[in-house]
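Below is one structure; the comments refer to it alone.
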Amino acid sequence: MRSLVVGVALCSAAAAHAAWPDRPIRLVVPFPAGGSYDIVGRALAQKLEKRLGQPIVVENISGGATVPGVMSVLKDNADGYTLLLTSDGSLNINPHTVKGLRYNPDTELTPVTIVNTVPHWIVARADRKETSLTELKAYIQKNPGKVSISINTVGGAAHLGLANWKQQNKLDFAIVPYRGSPPAMADLIGGQTDAHVDVIGSSVAYVTSGKVKPLATLQVEPVKQFPKLETQKANDKNALMVRANLALMVKTGTPQAIVDRLYQEVKVSVGEADFAARLESLAYEPLLTPPAEARKFLHAETARYGAIAKFVNLEAN
């Protein structure tokens, strides 16, 4: 009798997986509507709707260091009907910087794929004399305490990268946190701050309009749209490096067949010309890491960020 019950259960589960999806899917983006991450999320939702044959409802649950958005996903069933599109803050940084974090991303979330890189840069007021990060660093060294550099959130990849650069080089300047890029850019243009570390896709319009100027990309590889911009040297502990990614996740326990199906559909979607053009407009590079590789990479990133948080004293007390 027991073997019969088990067999029936397995057959029912297989049938459920085969039928997936047979109702709308929710895609949680734990960032404000209109930002670059939201743009990617909505473009991906449109593609997946066509490929899966079901509506994909994008839900922005922003604030709280992305914790409310993540918790909303974890409250749902692990059945493939709730997806999470998020970045390093949720997946690798919060465990080290948020006191009493209510979730463990390494065990409670499973990656479908790392969708794309999230290149960062440092931009300055258009009226400043510096034309590169090297020149700004020299100015800070000669004028301690006179420069303020903003970031778009407390405890994010930009914050850890900038704090690490400050401490490694023994520099004296103020790090000014904001809630998002728009207010930070407004104050930069208005003269309240001197420079801003940001996701390229969030501030590229300010650069192309001439309101601010880029000083450097904060990675080793040049960005296609700005090939002459100063980059960072590989394996240089004194470099200002900010490495971030955008990943599609599901609640752990989601059937592997659904994870694999999602990966294949995302891979095809991101490879289509209009989606690729959308990523390029934001200076994002597609990655599309397979689920198993993505899991290993994200676990390694959690350890890497932990070492940085400890070094710059941003660990949760």
Side-chain angles (χ1 to χ4, degrees), residues 29-40 60 62-66 69 86-90 93-94 97-98 117-133 135-137 139-140 145-166 171-219 223 225-226 229-230 232 240-244 246 281-284 308 312 314:
V29 180
F31 303 97
S36 58
Y37 293 173
D38 180 58
I39 290 171
V40 174
N60 298 96
S62 60
T66 74
T86 194
S87 64
D88 303 57
S90 307
I93 298 175
N94 281 352
T97 61
V98 176
T117 63
V118 182
H120 284 63
W121 60 6
I122 182 167
V123 297
R125 290 202 322 262
D127 62 347
R128 287 195 66 89
K129 295 181 179 179
E130 297 85 15
T131 60
S132 67
L133 178 60
E135 292 180 4
L136 180 63
K137 178 180 176 181
Y139 180 88
I140 294 172
K146 299 295 185 180
V147 170
S148 59
I149 303 177
S150 59
I151 51 174
N152 56 14
T153 187
V154 174
H159 192 176
L160 268 68
L162 187 60
N164 184 64
W165 183 67
K166 178 180 180 178
L171 299 173
D172 182 3
F173 65 88
I175 297 178
V176 185
Y178 282 80
R179 290 187 177 183
S181 184
M185 294 303 298
D187 278 3
L188 176 62
I189 295 168
Q192 280 73 45
T193 56
D194 299 294
H196 178 58
V197 173
D198 199 10
V199 175
I200 292 179
S202 296
S203 47
V204 66
Y206 297 95
V207 169
T208 55
S209 66
K211 294 180 179 178
V212 299
K213 60 182 177 183
L215 300 182
T217 54
L218 307 184
Q219 59 185 31
V223 174
Q225 296 89 328
F226 301 91
L229 203 56
E230 179 180 283
Q232 306 304 296
L240 176 48
M241 291 279 196
V242 180
R243 189 171 79 197
L246 199 58
S281 71
L282 298 168
Y284 290 173
I308 296 174
V312 301
L314 279 177

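Side chains included, hydrogens not; waters and symmetry mates left out as well; all remaining heavy atoms used.
- In terms of the side-chain hydrogen bond (donor to acceptor under 3.5 Å, both in side chains) criterion, residue partners of Ser90 (sequence neighbours excluded) are, by chain and number, Thr66, Thr86.
- Between the CE atom in Met185 and the OG atom in Ser150 there is a gap of 8.0 Å [rounded to 0.5 Å].
- Distance check, rounded to the nearest 0.5 Å: CD1 of Ile200 to CG of Leu229 gives 7.5 Å.
- One finds the CZ atom of Arg179 at 9.0 Å from the OG1 atom of Thr153 (value rounded to the nearest 0.5 Å).
- Of all the heavy atoms in Leu133 and Ala216, the pair that sits closest is CB-CB, 3.7 Å.
- In this view, Tyr178 satisfies the ring-ring contact (aromatic ring centres under 6.0 Å, His included) rule with no residue, not counting sequence neighbours.
- By the side-chain hydrogen bond (donor to acceptor under 3.5 Å, both in side chains) test, Lys166 is found to be paired with no residue, residues two or more places apart in sequence or in another chain being considered.
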Requested in this report: Show the numbers, then the answer: is there a side-chain contact (heavy atoms from CB on, under 4.5 Å) between Tyr139 and Phe173?
Outcome: CA-CA 11 Å; Tyr139 180 88; Phe173 65 88; over 6 Å; no
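- In this structure Ser132 satisfies the side-chain contact (heavy atoms from CB on, under 4.5 Å) test together with Thr134, Glu135, Glu230, sequence neighbours excluded.
- In this structure a side-chain-to-backbone donor-acceptor pair under 3.5 Å is missing from His159 to Val154.
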Report task. Evaluate side-chain contact (heavy atoms from CB on, under 4.5 Å) for Val147 paired with Leu171, printing each intermediate quantity in order. Result -> CA-CA 10 Å; Val147 170; Leu171 299 173; over 6 Å; no
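- For Asn164, there are no side-chain hydrogen bond (donor to acceptor under 3.5 Å, both in side chains) partners two or more places apart in sequence or in a different chain.
- For the atom pair Thr131 OG1 and Lys213 NZ, the distance stands at 6.5 Å (nearest 0.5 Å).
- Not counting sequence neighbours, the partners of Ser87 by the side-chain contact (heavy atoms from CB on, under 4.5 Å) test are Phe31, Tyr37, Leu246.
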Indicate every side-chain donor-acceptor pair of residues 202-209 with a distance under 3.5 Å to a residue at least two apart or in another chain.
{"from": "Ser202", "atom 1": "OG", "to": "Ser36", "atom 2": "OG", "distance (Å)": "3.3"}
{"from": "Ser203", "atom 1": "OG", "to": "Trp121", "atom 2": "NE1", "distance (Å)": "2.9"}
{"from": "Ser203", "atom 1": "OG", "to": "Asp198", "atom 2": "OD2", "distance (Å)": "3.1"}
{"from": "Ser203", "atom 1": "OG", "to": "Val199", "atom 2": "O", "distance (Å)": "3.4"}
{"from": "Thr208", "atom 1": "OG1", "to": "Val204", "atom 2": "O", "distance (Å)": "3.2"}
{"from": "Thr208", "atom 1": "OG1", "to": "Ala205", "atom 2": "O", "distance (Å)": "3.1"}
{"from": "Ser209", "atom 1": "OG", "to": "Ala205", "atom 2": "O", "distance (Å)": "3.0"}
{"from": "Ser209", "atom 1": "OG", "to": "Tyr206", "atom 2": "O", "distance (Å)": "3.1"}

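- For residues 185-197, the pairs satisfying salt bridge (charged side-chain N to carboxylate O under 4.0 Å, His left out) are Arg125-Asp194, Arg128-Asp194, with sequence neighbours left out.
- In this view, Ala244 and Asp88, Val118, His120, Ala157 satisfy the side-chain contact (heavy atoms from CB on, under 4.5 Å) rule, not counting sequence neighbours.
- Note that CG of Leu162 and CG of Leu240 are 6.0 Å apart. Values are rounded to the nearest 0.5 Å.
- Residue Asn60 holds its CG atom at 4.5 Å from CG of Asp38, rounded to the nearest 0.5 Å.
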